[in-house]
Amino acid sequence: MLSLQTMEINAKYNPAEVEDKWYAYWLKNRCFHSEPDSREPYTIVIPPPNVTGILHMGHVLNNTLNDVLIRKARMDGKNACWVPGTDHASIATESKVVARLAEKGIHKEDLTREEFLKYAWEWKEEHGGIILQQLRKLGASCDWDRTRFTMEPELSDAVTATFVYFYKKGLIYHGYRMVNWDPVAHTAISDDEVIHRDTKSHFYHLRYFIADADGKPTKEFLTIATTRPETIMADAAICVNPADERYHYLRGKKVLIPLINRAIPVIEDDYVEMDFGTGCLKVTPAHDAHDYEIGQRHDLPILEILDDDGRLNEKAQILVGEDRFVARKHIVKLLEDAGNLVKIEEYISPVGYSERTDAVIEPKLSKQWFLKLEGLAKAALESVESGNIKLIPEKYRNVYRHWMENAHDWCISRQLWWGQRIPAWYLPDGSVVVEETAEKALEAARAIDPSITASQLKQDEDVLDTWFSSWLWPISVFDPKRPGHPRHKPNRDLSYYYPTSDLVTGPDIIFFWVARMVMAGDEFMKDVPFRNVYFTGIVRDKLGRKMSKTLGNSPDPLVLIEKYGADSVRLGMLLCASAGNDILYDESQVEQGRNFCAKIWNAWRLVNGWRVEEKGRQPESARVAVKWFDGLLSRTIVTVEDHYRKFRINDALMAIYKLFWDDYCSTYLELVKPAYGEGVDGYTFDATVSFFDKMLKLIHPVMPFITEELWQSMAERRPGETIMYERTPVAGPYDSEYLAEFDKARQIVAGVRAVRAQKQIAPKEGLKLCLEGDVQPEMLPVIAKSANISEFVDSCSGASVSFIVGTVKCSIPLEGLVDTSQERAKVEAELEHQRKFLAGVRAKLGNQNFVAHAPQAVVDNEKKKEADALARIEALEASLKAL
RNA sequence: GGAAGUUUAGCUCAGCUGGUUUAGAGCACCUGCCUUACAAGCAGGGGGUCAUUGGUUCGAAUCCAAUAAUUUCCACCA
C-alpha cells in the first residue's frame, strides 16, 4: 500500500510548469521509444502534417485521439509505437516558397531547378518541423527517434522504386490526356484535388452566321449557348443532335466564328441534348473535356488558345495576353457591338476549383503520367468488404466502395520542382527508359542505342504527386527498401510493427490517402496497412461554421494550451468528439477541462491532508462506502473498456469523468471524510488512496500531465518511473445488487436534502427519519452521515413531510413546519399519478395478447410494477390519513 | 442529377438485440449556500408529443415506408 505523504501541494494547479517538466522527463527517460520485442505491438503512424504547417484545431483533435489510443495501449501492456513525421506537401509547400521568394523580388521563372530547390530546402529547414514541436506541447507521446519526412532520401528512393515497379508492371503509362490544370500553381492535378462548387455565372446566347460557299456570311444564323464566350476562337465545330430535325437543314454547312470569322463545320453527335440550351453546342476540343471527346470522334483539329497562366495566346487572334476572366468580359462587349450577342441568362453551374490554390481549374490537354487503378482498387475494396479493415463509423464503407468501384486512372505527375522527380529519361530519339537511378537509366538506354552518353539523356522535368509518397507511409517509415522491391525481405521493424493497428484521420482524405494506403499495402505487403480506421469529424465553431483563417474563428491551440493547459484542451476536445460527427468547438469545453483538473487536484489535496490513525476504528459508513466504491470502480472499468473497444472515446471519458466527480468526490469522499479535527482510520485511508491511484491511471491517456504530477507526488518513485508504464486497472468482481441498494440510499439522501432545501433547514441541523419499506440496515449509517439524520424512528404519527423512493416511504417529522394543506395537495397529486400508472399497467396485464406473446420476464416485470404501484398507493393513502 | 447520413431538452449528443415503474448525459438555465479540498465549487430544481404521417407488433424513440428539413460525398450537360 502507498505510504502516507506529508508533502505540501500547491493550492492551485499550475499546468504550464507541470507540463514542461514531465514532458522533459518522459523524453529524458525515453518513455516514448519502442523497439521490437516479445510483447504484442500496437502501432500508429501519424497522418503526416505538412512540413511547413502550423498546428490547428483539427490537428489537436486528431493527435489527441491518437495519443489517447497509444497511451491506453501502452498501459495495457502492449509495445506501443507511434511514428511521427511530416509530409513534403509538394503543391502547398512549393506555392509557399514561391510566394516567399516573390516577397523578396525573386521569381521562380528566373531560377534554375537547383537554385529553387536550394531555397525550398532552406525554407524547410527553417520552418519544417515546427508543427512537431507543437505536438510536444500537446503531450503527444510519439517515438521521436523514428521521425520521418516523406522527402528524406530513403523515403524518396522508395517512391522512385515504386514508380519503376509499377511502370515495369505496365500500370504506369505516359500519355496525352485532358487533365485538370491549375493555372496558379502551374501544374496538373488529380481529379480528387478538384472541388466542384455551384457558381453563379452567365449563359451567353451567341449568334453564329452561316457561311456561303465562299465562306462569306449569309443572313442566316444559328444560336448557341455557352458559359465560356472567351473560348470561341478555339471552336472547331458546332454540334447538334442527329435526331434534331430543327437543324437538319444545316447538314454539310459551315458557320463562322463571330469576331474572327473562321469557318467551322456543323457536325452531329448524340452527346448533344436537344432540349438543353438551344440544342447547338460549340465544340472546343482544347478547352473542354467533353468537347475533346467529341473532337476525337469527329477528327476535329485542336487549337489551344490559353497559355499555362490561363491567358489568351496569339492563336486567339484577339484579346491576346488577357486573363481568361478579363477576356470574358471584354469579348461579351465585342460580341454585343458586333451584333452577335442574343441574350445573357443568369446561370448557376458547377465549376471546378483547385483544392490547393482555389483557382478555377482549366481543362487542358497535356502529356502526363498516369497509374491505372482498376486492379489495385478491386483488391483494396475487398480488404474493407471482407472486414479485414474496419471503418468507424461504418457509413464510410459506402463512400469507400463507391470510390473504389469508380476509380479513374490517377494522374501522378506534377509540373513542380518540390517533390520526387519522375525517374524517366528520354533518349534523343524520344524513346524513354524508366529506372531507379541515372546510372541504370544510362545502362538501359545503351541497350537501345550503345552510343548514348549520359549527357544525351534528359530526365523528365516533372515530380510526383505528394500522395504517391504518402501512400507508402505505413511501410516506408519502417523499411523504405520494401516498396517497389517485392523481393526485399522486410526488416525487423517492418515485420514487427506492420500492419499498424489503428489509423485516426479525417474523412476528407479517405480517397487521397486511406484508400491508396490500402492499395500500396496490398501490393507490397500482401496485407492491410491497418486494422481500424477511425474517422474524426471536422472541427467547427459553435455556430457550426468551418474554422477558417478568413473568418477568424479558429483559435490558436498553443494560446489555449498556455491559458488552460494541454490536459484541459485535450479533454475539451474529446468531450464532444463522437466518431464521424463534426465537432462543435467552444472554449467553454476547455474551461470544463480546466475545472476537471482543478477537481482532481483538490480531491488529492483533501486526501493528502488527512491525519491517519493506523489503528483507528473504521466507521460503519466508511466501511460501506469503501465496499460500494470498490464495486462501482470495477463496474465502470468494464464499461470503459467496452467503450474503448468500440472506439467510443468520449463515452469512455464521460464514464470516468462522472465516476471521479459525482461518485468519488461528491459521494465517496463526503462519506469517508473524517469529522473536523479527527483522523481517518488506516484501512479507509489506504482504500481511498488506492481508488485515487486507479482513477489516475484511468484518466492518464486523456490527461497525461496532471495524472503524472499527482501520481509522482503520491509516493516515493524510483528514478525514471512513470505512470505511463503503469498497468490499466483491472475490474474485480462486483455485486450489482449492492450497488443498486446503495443507489437507493443515495436517492433517499437526495430526498431528504430536497426537503431541507424546500423547508430551508440548514444542513447542520439533524433530522429524524422514518423509513417504511425495504432498506438494507447497512445503508442506514450512509444515509445518516450524508443526510445528517440524528435518529431513525419507527413510526411517524405527527405532522411530517414524506416522499417515496422505489417502494420505500420516507417521512421526516417536522412539527410546526408542515403546511398540511400544501402537503396534502402534493400527496394527492402523487396519488393521482400513481393510480393512472397502475391503470396503465393493469390494462397491459389485462390484454390477453400481451400475456400470451410477451416473454415471461416482461410479464413478470409488469406484475412487479403493479405490486409496487399498489404499495406506493397504500403508503400515500396512509400519509393522507395522517395529515 | 445520383448516393449516404442526420432529425431525441435551449445547445451538443447517448439511447446497442423493440419491453426496466415518469426517455438519459454533459453544458447552459433557475433557486439556495463563501459548509474547515474545490464559488473553476456545493446542494436542490425546471425543461422533451423522441421531425411529420402511416404501417408492422401484445408492445415502437428503437423496425418498415412515405413526406419534410438538413449535412456530406460523388457527378464533365454546354
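Proteins get letters first, then strands, A, B, ... in listed order; numbering begins at 1 in each.
Nucleic acid contact for A/K282: none, since no nucleic acid atom lies under 4.0 Å from a heavy atom of the residue. A/C665 comes within contact range of at least one nucleobase, with a heavy-atom separation under 4.0 Å. Using a 4.0 Å heavy-atom cutoff across all strands shown, A/R594 reaches at least one base atom of the nucleic acid. No contact: A/L575 has no heavy atom under 4.0 Å from any strand. When heavy atoms are screened at a 4.0 angstrom cut-off, A/V272 is found touching base atoms of the nucleic acid. Counting any heavy atom pair closer than 4.0 Å across all strands shown, A/A754 reaches sugar-phosphate atoms only and no base atom. Backbone-only engagement by A/A750 is indicated by non-hydrogen atom pairs under 4.0 Å involving sugar-phosphate atoms exclusively. Using a 4.0 Å heavy-atom criterion, one finds that A/T284 contacts no nucleic acid atom at all. As judged by a 4.0 angstrom heavy-atom cut-off over every strand, A/E866 is placed among residues making no nucleic acid contact.
A/Q758 places its CD atom 14 Å from the P atom of B/rG44, with the value rounded to the nearest Å. For A/Y353 and B/rA75, the OH to P distance is 17 Å, given to the nearest whole Å.
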Would you sketch RNA chain B in dot-bracket for me? Only Watson-Crick or G-U wobble pairs with both distances under 3.5 Å count, crossing pairs as [ ], other-strand pairs as |, the rest as dots.
-> (((((((..((((.....[....)))).(((((.......))))).....(((((..]....))))))))))))....

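Rounded to whole Å, the P atom of B/rG1 lies 35 Å from the corresponding atom of B/rC16. B/rC63 and B/rU20 are spaced 15 Å apart, taking the P atom of each and rounding to whole Å. Nucleotides B/rA9 and B/rA25 are separated by 11 Å at their C1' atoms, to the nearest Å. For B/rC77 and B/rA60, the C1' atoms lie 45 Å apart once the distance is rounded to whole Å. Taking atom C1' on both nucleotides, B/rU12 is separated from B/rA28 by 11 Å, rounded to a whole Å. Atom name P, nucleotides B/rU62 and B/rU56: the rounded distance is 15 Å, in whole Å. Comparing B/rG48 with B/rA66, their P atoms sit 32 Å apart, to the nearest whole Å.
Between A/G277 and A/A225, the closest heavy-atom pair is CA-CB, 4.4 Å.
Checking side-chain atoms of A/R570 against main-chain N and O of A/G593 turns up no donor-acceptor pair under 3.5 Å.
Taking every side-chain heavy atom of A/Y676 into account, B/rU36 is the closest of B/rC58, B/rU36, B/rC27. In this structure, of B/rC58, B/rC77, B/rG41, it is B/rG41 that holds the atom nearest to the side chain of A/W661. Checking B/rA37, B/rC42, B/rU12 against the side-chain heavy atoms of A/N602 singles out B/rA37 as nearest. For A/A603, taking side-chain heavy atoms from C-beta onward, the closest of the listed nucleotides B/rA37, B/rA43, B/rA25 is B/rA37. Closest approach to the A/R753 side chain among B/rA78, B/rA4, B/rA43 is made by B/rA43 (side chain taken as heavy atoms from C-beta onward).
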Every protein N/O lying under 3.5 Å from an N/O of nucleotides 18-20 of chain B:
| from | atom 1 | to | atom 2 | distance (Å) |
| --- | --- | --- | --- | --- |
| B/rU20 | O4' | A/N861 | ND2 | 3.4 |

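Listed by residue number, A/N398, A/V399, A/H402 are the residues of residues 397-410 of chain A with a heavy-atom contact under 4.0 Å to RNA chain B.
Heavy atoms from other residues, nucleotides or ligands lying under 6.0 Å from NZ of A/K390 number 12 at most. Open room surrounds NZ on A/K863; 12 or fewer heavy atoms of other groups in view lie less than 6.0 Å from it.
Annotation: cation-pi pair A/R197/A/Y353 present, NZ/CZ under 6.0 Å from the ring centroid and within 45° of its normal.
At a cut-off of 3.5 angstrom, the base of B/rA37 holds at least one donor-acceptor pair with the side chain of A/E670.
The nearest heavy atom of RNA chain B to A/R228 and to A/K673 marks one nucleotide each, and the one closer to the 5' end goes with A/K673. Taking for each of A/S349 and A/I583 the nucleotide of RNA chain B with the nearest heavy atom, the 5'-most of the two is the partner of A/I583.
By the criterion of a centre-to-centre distance under 5.5 Å and near-parallel planes under 30°, the ring of A/F276 forms a stack with the base of B/rC77.
A distance of 7.0 Å separates CZ in A/R246 from SG in A/C280, rounded to the nearest 0.5 Å.
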